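All chains are named by letter (A, B, ...) in the order of the sequence lines, taking the proteins before the strands, and each is independently numbered beginning at 1. These figures come from a predicted structure and were not determined experimentally.
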2 protein chains.
Amino acid sequence: MNDGRTILNQWADAGECELPGEGATDQALSSTLMKGLEILALYSDQEDRFANAEIARRLGLNKATVSRLCKTLMHMGYLRRDPKGNFRLAPRILGLSYPVMAATRWRHQLVGPMREIAEMSTGNVTLAVMSGDQFVQVQTVGDPVSFPHIPEAGITGPLHRSASGRALLSLLDGQELYDKLAELRLRFPEEFEAHADLTAASIARCRSEGFCTSYGDWRPNIVALSTPLGETDDGLRVALSCGLPRFRAREDVVENDLGPRLAEAARSFRMMGIFKPPFFA
Amino acid sequence: MNDGRTILNQWADAGECELPGEGATDQALSSTLMKGLEILALYSDQEDRFANAEIARRLGLNKATVSRLCKTLMHMGYLRRDPKGNFRLAPRILGLSYPVMAATRWRHQLVGPMREIAEMSTGNVTLAVMSGDQFVQVQTVGDPVSFPHIPEAGITGPLHRSASGRALLSLLDGQELYDKLAELRLRFPEEFEAHADLTAASIARCRSEGFCTSYGDWRPNIVALSTPLGETDDGLRVALSCGLPRFRAREDVVENDLGPRLAEAARSFRMMGIFKPPFFA
DNA sequence: CCGTCTTGTTTCAAATATCGTAACAAATGT
DNA sequence: ACATTTGTTACGATATTTGAAACAAGACGG
């Protein structure tokens with residue numbers, strides 16, 4: 001928009017981020033472990049079972065390899081076979097998450113106020129934390145039925161293409177932000193460009209007005225608002241977000257009523273002593 | 001107790017379970033993947049950070065190996081470094097759990113009634129599913145503060161040494177039960193023996209009276225009751241349990257009041273059409 | 001019912017990714 | 001500043017992983 005070079009790209013330029021070593025298989029990384037984890041990461045709420053051949057096709061692996069990896073994952077208890085012979089995630093996988101859930105006890109204090117916001121907005125209210133190049137929802141409040149997806153802790157999404165993600169980015173200061181943006185641009189070149197201006201504007205707005213909005217940037221049918229909360233003492237950056245089905249979201253209400261209310265809620269959440277306040281607040 | 005051979009051992013004898021191939025590294029399993037997963041499994045609510053050397057020590061690995069594996073896990077987004085250089089779980093790990101959480105939507109219908117039981121008993125109420133040789137809690141209701149541990153979805157525990165586990169075992173019929181017991185005896189020989197009679201009695205009681213109890217078998221300071229609910233259509237076996245701090249649990253109340261009430265609750269839960277009723281009900 | 005597909009597991013030798021030593025780098029502590 | 005501890009990187013030896021092919025087990029269709 002501004003002479004062909006967005007401000008976000010300028011920021012990203014300022015970040016350090018090595019190029020991946022010529023597309024070659026990074027010899028410092030354990031490829032077998034990666035393949036195994038990629039199998040687990042294949043699953044979603046949409047696809048809860050896979051045949052051996054399907055896993056092999058998606059990951060570009062030999063079916064014999066998949067067979068052995070899945071056998072290992074079953075042995076470890078993270079995969080199970082259903083009656084039809086498909087591989088499914090085993091509930092045991094929740095055990096890996098438990099330490100993280102247990103470490104975020106502070107969210108229990110927030111569910112009450114979150115519930116009020118959910119009722120007020122007739123939407124979903126979530127807490128999201130930054131993890132690498134994604135956000136991860138750690139707490140969800142609201143009515144599960146009226147949404148196209150299933151709101152639960154564990155939902156992940158892109159930092160640069162969602163309200164939650166942008167609110168989280170707004171918490172990063174100076175070089176940290178530049179580095180993260182450089183990483184994102186490296187990982188998703190085309191997407192990053194496509195959303196660059198919106199992302200830059202949202203980050204700025206979070207810092208000035210205390211919230212940002214997104215109209216289907218991430219989930220096409222969801223209008224979302226988000227506000228940065230701050231950083232916990234163990235280094236987790238947290239945002240508070242609200243999502244509405246598009247048909248139920250009137251833009252003027254979102255911008256002039258819900259947004260300011262969410263920002264106000266964030267201010268009161270920050271008084272609880274859980275979060276180190278953001279540098280701009 | 002009965003001429004030196006417990007009934008549970010007789011059951012376990014009837015189960016098929018190969019011996020592990022002479023302690024040799026099972027060549028059909030991917031050792032690198034196992035090591036990586038073992039690193040992730042090291043974490044708990046008690047220990048949320050590890051130094052490289054500590055991981056190496058616990059798993060008996062070379063520190064160079066640990067370095068490479070952790071680098072890989074960080075690259076995948078499941079591990080992060082804290083300011084002191086320790087390895088911590090990254091929130092991204094929750095993303096692996098999400099598909100399982102999303103698949104157990106039925107639990108939302110149960111939280112209301114569960115909350116009533118929690119209030120009535122002044123304890124914690126949980127839903128647990130069987131996964132391999134463990135149970136996994138998928139839903140928790142109650143007051144987190146009065147417990148020595150942090151009640152959250154994802155807590156795992158032993159099938160043969162807990163009320164929840166025994167209630168789940170009671171759902172297995174015939175050969176399936178024998179196989180599972182044989183597996184458990186193979187995996188935990190000494191523990192299995194130590195708890196064999198209690199486990200057998202609890203399974204029998206679940207089938208006749210609809211519940212079983214445990215006085216510190218798993219967590220020393222927790223008295224627990226559990227009742228089998230049944231099997232969901234995607235093959236998950238579910239139990240409903242209630243836990244109380246020991247000092248607050250009067251045995252006669254547990255046995256004669258709470259137990260029957262829990263069994264009664266289970267009966268009403270089974271009317272909701274979520275579970276295929278157990279073979280003995 | 002039998003042959004024909006399809007799909008998954010196992011075997012085995014070849015290939016290559018992993019391991020451990022040792023050197024290096026960094027941080028910690030005295 | 002030096003000694004000590006701890007984590008990462010390089011590199012050759014080695015053990016693990018890989019993929020082809022054979023095998024086993026169902027599923028399908030005539």
Query raised in the report: Whole Å only: how far is the CG atom of A:Leu29 from the P atom of D:dA10?
Result: 13 Å

Requested in this report: Between C:dT9, C:dG20, C:dG8, spot the one nearest the side chain of B:Thr65, thanks.
Outcome: C:dG20

Query - Residue that, paired with B:Thr199, satisfies side chain to side chain donor-acceptor pair (under 3.5 Å) out of B:His160, B:Arg161, B:Arg166 - result: B:Arg166

Query raised in the report: How about B:Phe269 and B:Trp106: are their ring centroids closer than 6.0 Å?
Result: no

Report summary line: Whichever of B:Phe50 and A:Leu61 has the more 5' nearest nucleotide on DNA chain D, that residue is B:Phe50

**Report entry** Separation of atom CG in A:Asp82 from atom P in C:dG8, rounded to whole Å
**Finding:** 12 Å

Requested in this report: Counting heavy atoms from C-beta on, name the nucleotide in D:dT8, D:dT9, D:dG19 closest to the side chain of A:Asn62.
Outcome: D:dG19

Requested in this report: Report yes if at least one side-chain N or O of B:Arg81 is closer than 4.0 Å to OP1 or OP2 of D:dT8; otherwise report no.
Outcome: yes

Report task. Compare side-chain N and O positions of A:Arg68 against OP1 and OP2 of D:dT18 and report whether any pair is under 4.0 Å apart. Result -> yes

**Report entry** Whether over 12 other heavy atoms sit under 6.0 Å from B:Arg58 CZ
**Finding:** yes

Query raised in the report: Between D:dT18 atom C1' and A:Met34 atom CE, what is the distance in whole Å?
Result: 17 Å

Query raised in the report: Between D:dT18 and A:Lys63, is there an OP1 or OP2 to side-chain N/O distance shorter than 4.0 Å?
Result: no

**Report entry** Separation of atom CD1 in A:Ile39 from atom C1' in C:dG8, rounded to whole Å
**Finding:** 14 Å

Query - Axial cation check for A:Phe87 ring with A:Arg80, 6.0 Å and 45° limits - result: no

Query raised in the report: Which part of the nucleic acid, if any, lies within contact of B:Ala64, taking any heavy atom under 4.0 Å across all strands shown: a base, the sugar-phosphate backbone alone, or nothing?
Result: base

Query raised in the report: Does the side chain of A:Ser30 get closer than 4.0 angstrom to OP1 or OP2 of C:dT18 through an N or O atom?
Result: yes

Query raised in the report: Which whole-number value in Å describes the distance from B:Lys71 NZ to C:dT18 P?
Result: 13 Å

Query - Nearest listed nucleotide, side chain of A:Asn52, among C:dG8, C:dC19, D:dT9 - result: C:dG8

Report task. Kindly point out which of C:dC19, D:dT17, C:dT9 is positioned nearest to the side chain of A:Phe87? Result -> C:dT9

Query - Integer-rounded Å distance: C:dG8 P and A:Ile55 CD1 - result: 9 Å

Query raised in the report: What do you reckon, is CZ of A:Arg105 surrounded by more than 12 foreign heavy atoms closer than 6.0 Å?
Result: no

Query raised in the report: In the 5'-to-3' direction, what one-character label does each nucleotide of nucleotides 24-30 of chain C receive under the scheme B = base within less than 4.0 Å of a protein heavy atom, S = sugar-phosphate only, - = no such atom?
Result: -------

Report summary line: note: B:Asn86, atom CG; D:dG7, atom C1'; distance rounded to Å ~ 11 Å

Query raised in the report: Atom NZ of B:Lys35 to atom P of D:dA15: distance rounded to whole Å?
Result: 12 Å

**Report entry** Separation of A:Asp173 CG from A:Leu177 CG (nearest 0.5 Å)
**Finding:** 8.5 Å

Query raised in the report: For the helix from C:dC1-D:dG30 to C:dT30-D:dA1, what is the angle between the axes at its two ends, each from 5 pairs, rounded to 10°?
Result: 50°

Query raised in the report: B:Thr104 side chain to B:Arg107 main-chain N or O, any donor-acceptor pair under 3.5 Å?
Result: no

Requested in this report: For the residue pair B:Phe50 and B:Leu42, establish whether any side-chain heavy-atom pair is separated by less than 4.5 Å.
Outcome: yes

Query raised in the report: Can B:Arg88 be said to sit on top of B:Tyr43's aromatic six-ring, NZ or CZ under 6.0 Å from centre and within 45° of the ring axis?
Result: no

Query raised in the report: What's the closest nucleotide to the B:Ser31 side chain, out of C:dT18, D:dT17, C:dG8?
Result: D:dT17

Requested in this report: Could you tell me whether the side chain of B:Ser67 and the main chain of B:Lys63 form a donor-acceptor pair under 3.5 Å?
Outcome: no

**Report entry** First encountered from the 5' end of DNA chain C, between A:Leu33 and A:Ser67
**Finding:** A:Ser67

